[in-house]
Amino acid sequence: MNIEQHIVTATIAAVKQLYDQDIPENQINLQDTRSEFEGQITIVVFPVVRFSKKSPEATANELGEYLVANVQDVTAFNVIKGFLNLTIADSYWLNLFNKELLSPQFGSIKPNGQKVMVEYSSPNTNKPLHLGHVRNNLLGYSVAELLKADGYEVIKVNLVNDRGIHICKSMLAWQRWGNGETPESSFLKGDHLVGKYYVIFDKEYKKEIDRLKTEGQTEEEAKKNSPLIIEAQKMLQDWEAGDSEVIDLWKKMNGWVYEGFDVTYKNLGVDFDKYYYESNTYLLGKDTVDEGLENGVFFKKPDGSVWIDLTADGLDQKLVLRADGTSVYITQDLGTAQMKYDDFKMDQSIYVVGNEQDYHFKVLFLILEKLGKSWAKGLHHLSYGMVDLPSGKMKSREGTVVDADDLIAEMVATAKQKTEVLGKVNNFSEEEKEALYNQIGLGALKYFLLKVEPKKRLLFDPSESIDFQGNTGPFIQYTHARIKSLLNKGGYSTEVNAPEVAITATELEMIMLLSKYPSEISAAAKAYSPATLANYLYEVAKMFNKFYHEVPPIVKEEDSAVKQHRLNLSSVTASILKTGMNILGITVPERM
RNA sequence: GCCUUGGUAGCUCAGUUGGAUAGAGCAACGGUUUUCUAAACCGUGGGUCAGGGGUUCGAAUCCCUUCCAGGGUACCA
């Protein structure tokens with residue numbers, strides 16, 4: 001039992017003894033004491049006043065006296081307005097550090113026996129990834145890692161949108177204007193090559209629309225009658241019919257895209273346990289529709305289309321199958337959800353998808369619940385805000401995107417340039433340098449994207465480079481490298497017994513902060529929010545740097561117990577920074 | 001129109017189940033290196049928490065309302 005729990009229990013007992021009242025545990029409100037006051041733990045006494053029927057100050061004083069007398073490590077108290085500040089013995093904190101934080105198991109949470117699927121990335125295979133996808137990928141990866149750290153068994157899944165009219169557009173444009181261009185012949189990354197033809201299609205399509213409009217057609221008619229779009233639709237039908245020529249082209253071009261994506265994924269450091277392809281799943285869901293019709297959850301309109309009425313739930317009527325029997329988006333998703341569950345029988349399933357699809361997922365989950373799927377309550381849409389440019393939304397077709405590969409390359413180049421200016425890598429080999437630049441550039445990018453709460457939209461200004469100072473990835477990486485260097489120079493060994501020493505105020509603050517690591521992991525996992533972890537790690541790094549500057553050189557410390565203790569503190573800090581950053585998908589260097 | 005998510009310092013963001021005088025970073029200004037990595041540390045300035053109303057001992061946080069911005073809105077995904 002930790003000190004907080006002791007205090008809560010004792011406070012309940014105190015209220016019973018002093019006021020003969022039973023106070024519910026949730027009325028006892030503990031918080032960290034603000035640094036300008038004496039003490040470490042504060043009880044907010046206002047809720048207790050209802051039970052004591054005395055003024056906040058009187059209540060606080062009586063509680064304070066009781067706690068000092070009855071709780072072992074509470075050594076003193078002071079009252080400021082309605083706040084009871086408790087001083088906890090230094091020996092308690094030192095003991096907490098030596099016994100718990102220093103143990104190799106610290107921070108690792110036991111498996112909870114639950115299985116969770118995280119679906120993320122889920123790209124279209126007609127264009128390369130851009131900054132919006134980068135946010136998705138980093139978020140998905142780190143949430144998956146976060147859940148692992150919180151004791152879940154995690155399955156990372158990528159549902160690739162590899163079919164449909166948009167894919168046919170690239171294919172058609174390549175067929176018509178490509179002159180047999182390949183990634184090899186043009187030295188263009190496969191996904192970029194395919195994306196190039198997607199843009200060409202759009203350009204030519206627009207030209208045709210303009211031409212048809214000058215011939216007297218309306219915009220809508222022109223969009224429908226353009227020979228180009230008709231041909232693309234024909235191609236989609238051929239694809240569905242299994243036309244071998246179309247299928248071959250499709251396989252070839254998708255193959256290029258996958259090669260390209262693999263490079264980007266590798267650079268981003270994300271991975272998947274299982275790929276699903278929509279070309280295999282797009283026909284799913286019709287069974288589910290039948291099921292819904294049978295048990296009356298769905299109904300059929302006279303034209304034969306199938307619907308669900310969600311107006312009682314404050315939503316609309318929603319089409320789940322077209323009159324001609326073909327699927328819509330949600331049909332597939334119903335079927336795919338069932339298939340995923342059948343494959344893995346997971347307790348939870350998380351969809352990392354942008355907030356533009358909030359409504360879709362609300363409907364999807366509600367339908368599955370109405371169909372009586374026991375696993376529907378485990379479904380969760382991890383919705384995140386769009387990444388916007390100062391000019392507004394990114395649009396692939398119009399080329400107003402920040403390309404993922406370009407951005408990564410720029411970040412690494414910036415890292416290189418900044419590192420060279422500092423001149424600390426002269427004794428690095430070329431390979432070590434390259435690895436370091438990669439680590440720092442990606443660390444800056446990932447931290448920049450992950451430190452923001454997922455649901456908030458994110459503004460990215462390409463003209464302002466991402467910082468490498470202050471609340472950034474490189475700052476935390478630097479702190480880690482600095483500690484590693486310190487441990488080396490100090491001849492650190494974990495074998496030495498935990499020393500009994502006097503601790504400074506900053507050390508005490510550090511111990512309190514470090515001790516929160518496990519609960520920070522759990523809280524971040526429950527909120528599906530790497531951002532809270534990122535901000536915590538920044539606090540830890542900042543705290544270490546403060547400590548490092550305050551304390552005389554540890555390496556030269558003559559009191560061996562003090563030296564050992566400070567190295568211990570440094571070491572625990574380093575390992576929290578390392579494992580925490582790894583959860584964010586960021587690696588930390590040994591030196592930089 | 002309706003539904004939904006945001007609005008906190010010049011900029012980018014934190015802010016726990018409502019708790020003390022709303023915090024960081026960047027940018028600006030000043031200081032710190034014969035001492036373990038200055039991508040660091042210390043300090044100064046900077047706020048109508050979008051506006052208004054309400055609940056409460058106490059509101060950035062909860063409720064109502066207005067404004068602004070993003071997203072969605074029945075056969076795109």
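Side-chain atoms are counted along with the backbone in the values below, which use heavy atoms only and exclude waters and symmetry mates. Below, chains carry the letters A, B, ... as their sequence lines are ordered, and counting in each starts from 1.
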> Please classify the nucleic acid contact of A/Val452 as base, sugar-phosphate, or nothing, using heavy-atom distances under 4.0 Å.
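Sugar-phosphate, backbone atoms only, no base.
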> What interatomic distance, in whole Å, is found between C1' of B/rG30 and the corresponding atom of B/rG45?
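To the nearest whole Å, 11 Å.
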> Given the C1' atoms of B/rC29 and B/rU61, what is the spacing between them in whole Å?
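Here B/rC29 and B/rU61 have their C1' atoms 34 Å from each other.
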> Going by purine N1 to pyrimidine N3 plus the second Watson-Crick contact, or the G-U wobble pair, all under 3.5 Å, which nucleotide sits opposite B/rC2?
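When the pairing criteria are applied, B/rG72 turns out to be the nucleotide that pairs with B/rC2.
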> Are any of A/Ser485's side-chain N or O atoms less than 4.0 Å away from OP1 or OP2 of B/rC36?
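Result: no.
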> Out of A/Thr33, A/Thr42, A/Asn78, A/Ile43, which one pairs with A/Leu84 under the side chain to side chain contact (heavy atoms under 4.5 Å, CB included) rule?
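So, applying the side chain to side chain contact (heavy atoms under 4.5 Å, CB included) to A/Leu84 and each of A/Thr33, A/Thr42, A/Asn78, A/Ile43, only A/Ile43 qualifies.
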> Under 4.0 Å, counting only non-hydrogen atoms across every strand here, what does A/Asn488 touch: a base, just sugar-phosphate, or nothing?
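Counting heavy atoms under 4.0 Å across all strands, no contact is made by A/Asn488.
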> Of the candidate nucleotides B/rC36, B/rG7, B/rG71, which contains the atom at the shortest distance from the side chain of A/Leu486?
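Taking heavy atoms from C-beta onward, the closest nucleotide is B/rC36.
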> Kindly confirm or rule out a cation-pi arrangement of A/Arg566 over A/Tyr548, judged by NZ or CZ under 6.0 Å from the six-membered ring centre and within 45° of its axis?
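Negative - A/Arg566 is either too far from the ring of A/Tyr548 or too far off its axis.
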> Quick check: any donor-acceptor pair below 3.5 Å linking the side-chain of A/Thr472 to the base of B/rA39?
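There is none.
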> So A/Tyr329, base contact, sugar-phosphate only, or nothing? Heavy-atom distance under 4.0 Å.
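Since a base atom lies under 4.0 Å of A/Tyr329, the category is base.
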> Which part of the nucleic acid, if any, lies within contact of A/Gln477, taking any heavy atom under 4.0 Å across all strands shown: a base, the sugar-phosphate backbone alone, or nothing?
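The residue A/Gln477 makes no contact with any strand.
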> With sugar-phosphate meaning primed atoms plus P, OP1 and OP2, does A/Met386 contact a base, only sugar-phosphate, or nothing at under 4.0 Å between heavy atoms?
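The residue A/Met386 makes no contact with any strand.
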> Quick one: A/Glu453 CD to B/rA14 C1', roughly how many Å, whole number?
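Distance check: A/Glu453 CD to B/rA14 C1' gives 9 Å.
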> Over all strands shown, is A/Asp333 touching base, sugar-phosphate only, or nothing at heavy-atom distances under 4.0 angstrom?
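Contact class for A/Asp333: none.
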> Between B/rU37, B/rG19, B/rU21, which nucleotide gets closest to the side-chain atoms of A/Asn29?
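From the listed options, B/rG19 comes nearest.
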> Scan every strand shown for a Watson-Crick or G-U wobble partner of B/rA77, both distances under 3.5 Å, and answer none if you come up empty.
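Partner of B/rA77: none.
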> Quick one: does NZ or CZ of A/Lys340 land under 6.0 Å from the six-membered ring centre of A/Tyr351, within 45 degrees of the ring axis?
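Yes.
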> Look at the side chain of A/Arg34 and decide which nucleotide, out of B/rU21, B/rG6, B/rU4, has an atom nearest to it.
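Looking only at side-chain atoms, A/Arg34 lies closest to B/rU21.
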> Which listed nucleotide (B/rA24, B/rA74, B/rG71) is nearest to the side chain of A/Tyr538?
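Comparing B/rA24, B/rA74, B/rG71 against the side chain of A/Tyr538, the answer is B/rA24.
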> Could you tell me which nucleotide pairs with B/rA28 by Watson-Crick or G-U wobble geometry, both distances under 3.5 Å, or answer none if nothing does?
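Pair assignment: B/rA28 / B/rU44.
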> Nearest to the side chain of A/Asn355, which nucleotide is it out of B/rG71, B/rA74, B/rA77?
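So the nucleotide nearest the side chain must be B/rG71.
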> Taking only N and O in the side chain of A/Lys456, is any of them less than 4.0 Å away from OP1 or OP2 of B/rG7?
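So the side chain of A/Lys456 is within the cut-off, an N or O lying under 4.0 Å from OP1 or OP2 of B/rG7.
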> Is the shortest side-chain N/O distance from A/Lys489 to OP1 or OP2 of B/rU37 below 4.0 Å?
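Indeed, a polar side-chain atom of A/Lys489 lies that close.
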> Output the distance between atom CG (A/Leu569) and atom CD1 (A/Ile483), rounded to the nearest 0.5 Å.
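A/Leu569 CG to A/Ile483 CD1: 10.0 Å, rounded to 0.5 Å.
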> Below 4.0 angstrom from OP1 or OP2 of B/rG72, is there any side-chain N or O of A/Lys362?
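Looking at the OP1 and OP2 atoms of B/rG72, neither is under 4.0 Å from any side-chain N or O of A/Lys362.
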> List the steps and the verdict of side-chain hydrogen bond (donor to acceptor under 3.5 Å, both in side chains) for A/Gln357 and A/Tyr329.
CA-CA 11 Å; A/Gln357 295 194 37; A/Tyr329 178 44; 2.6 Å; yes
> Give the nucleotide from the list B/rC75, B/rC36, B/rC26 with an atom nearest to the side chain of A/Asp467.
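Between B/rC75, B/rC36, B/rC26, the one nearest the side chain of A/Asp467 would be B/rC26.
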> The side chain of A/Asn545 is closest to which nucleotide in this list: B/rA24, B/rU4, B/rC41?
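Selected nucleotide: B/rC41.
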> Reckon A/Asn161 touches a base, only the sugar-phosphate, or nothing at all at heavy-atom distances under 4.0 Å?
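Sugar-phosphate contact only.
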> Which of the following nucleotides, B/rG19, B/rA77, B/rA40, is nearest to the side chain of A/Gln469?
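Selected nucleotide (nearest to the side chain): B/rA40.
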> In whole angstrom, give me the gap between the P atoms of B/rG70 and B/rU8.
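Each nucleotide's P atom is 15 Å from the other's.
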> Across the strands shown, which category fits A/Thr419 at heavy-atom distances under 4.0 angstrom: base, sugar-phosphate, nothing?
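Base contact.
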> Does the side-chain ring of A/Phe83 sit on the six-membered ring of the B/rA20 base, less than 5.5 Å centre to centre and under 30° in tilt?
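Whether judged by distance or by angle, A/Phe83 passes, so it stacks on the base of B/rA20.
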> What nucleotide, of B/rU35, B/rA77, B/rA40, holds the atom closest to the side chain of A/Lys556?
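For A/Lys556, the side-chain atoms sit closest to B/rU35.
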> With a 4.0 Å cut-off on N to O distance, would you call A/Lys455 and A/Glu453 a salt bridge?
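No, no charged N to carboxylate O under 4.0 Å.
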> Say we look at B/rU4 and B/rC63: how far apart would their P atoms be, to the nearest angstrom?
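Pairwise P distance, B/rU4 against B/rC63, rounds to 12 Å.
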> Is any side-chain N or O of A/Arg457 closer than 4.0 Å to OP1 or OP2 of B/rG7?
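Negative; the distance criterion is not met.
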> Is A/Asp309 salt-bridged to A/Lys318, cutoff N-O under 4.0 Å?
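Looking at A/Lys318 together with A/Asp309, the answer is no, because their closest N to O distance does not fall below 4.0 Å.
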> Considering every strand and a 4.0 Å limit on heavy-atom distances, what is the contact class for A/Ala523: base, sugar-phosphate, or nothing?
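Result for A/Ala523 = nothing.
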> When we call it a touch if two heavy atoms are under 4.0 Å apart, what does A/Ile440 touch: a base, just sugar-phosphate, or nothing?
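Base, at least one base atom sits under 4.0 Å.
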> Below 4.0 angstrom from OP1 or OP2 of B/rA74, is there any side-chain N or O of A/Arg322?
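So the side-chain polar atoms of A/Arg322 never come under 4.0 Å of the phosphate oxygens OP1 or OP2 of B/rA74.
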> Quantified in whole Å, what is the P atom distance between nucleotide B/rC57 and nucleotide B/rG18?
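Straight-line distance between the two P atoms is 15 Å.
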> If pairing requires Watson-Crick or G-U wobble contacts with both distances under 3.5 Å, which nucleotide is the partner of B/rU35?
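Paired with B/rU35, as far as the under-3.5 Å criterion goes, is no nucleotide at all.
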> Using only side-chain N and O atoms of A/Lys455, determine if any of them is under 4.0 Å from OP1 or OP2 of B/rU4.
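It does not, given that no N or O in the side chain of A/Lys455 lies less than 4.0 Å from OP1 or OP2 of B/rU4.
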> Taking only the P atom of each, what is the distance from B/rA20 to B/rA59 in whole angstrom?
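Straight-line distance between the two P atoms is 10 Å.
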> To the side chain of A/Val328, which of B/rG19, B/rC36, B/rC75 is closest?
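Closest nucleotide among those given: B/rC75.
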> At under 4.0 Å between heavy atoms, what does A/Thr42 touch on the DNA or RNA strands: base, sugar-phosphate, or nothing?
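Base contact - A/Thr42 has a heavy atom under 4.0 Å of at least one base atom.
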> Would you call A/Tyr548 stacked on B/rC36, i.e. ring centres under 5.5 Å apart with the planes less than 30° off parallel?
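Here the ring of A/Tyr548 and the base of B/rC36 are stacked, with centres under 5.5 Å and planes under 30°.
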> What's the gap between B/rU12 and B/rA50 when it is taken at their P atoms, as a whole Å value?
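About 15 Å, rounded to a whole number of Å.
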> Is the NZ or CZ atom of A/Arg163 both under 6.0 Å from the centre of the six-membered ring of A/Tyr282 and within 45° of that ring's axis?
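Yes - A/Arg163 lies over the ring of A/Tyr282, closer than 6.0 Å to its centre and within 45° of its axis.
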> Under 4.0 Å, heavy atoms only, any strand: does A/Pro47 hit a base, just the sugar-phosphate, or nothing?
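Contact class for A/Pro47: base.
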> Tell me whether the NZ or CZ atom of A/Lys301 lies within the 45° cone about the ring axis of A/Trp307 and under 6.0 Å from its centre.
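Yes.
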> Among side-chain atoms of A/Tyr275 and A/Asn280, is any donor-acceptor pair under 3.5 angstrom?
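No, because no side-chain N or O of A/Tyr275 sits under 3.5 Å from a partner of the opposite role on A/Asn280.
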> Distance between the P atoms of B/rC11 and B/rC49, in whole angstroms?
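Per the computed distance, 16 Å lies between those P atoms.
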> With a 4.0 Å cut-off on heavy atoms, is A/Val306 in touch with a base, just the backbone sugar-phosphate, or nothing at all?
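If one applies the 4.0 Å heavy-atom cut-off, A/Val306 turns out to touch nothing in the nucleic acid.
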> Taking 5.5 Å and 30° as the limits, would you call A/Phe46 and the base of B/rG19 a stacked pair?
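Here A/Phe46 meets both the 5.5 Å and the 30° conditions.
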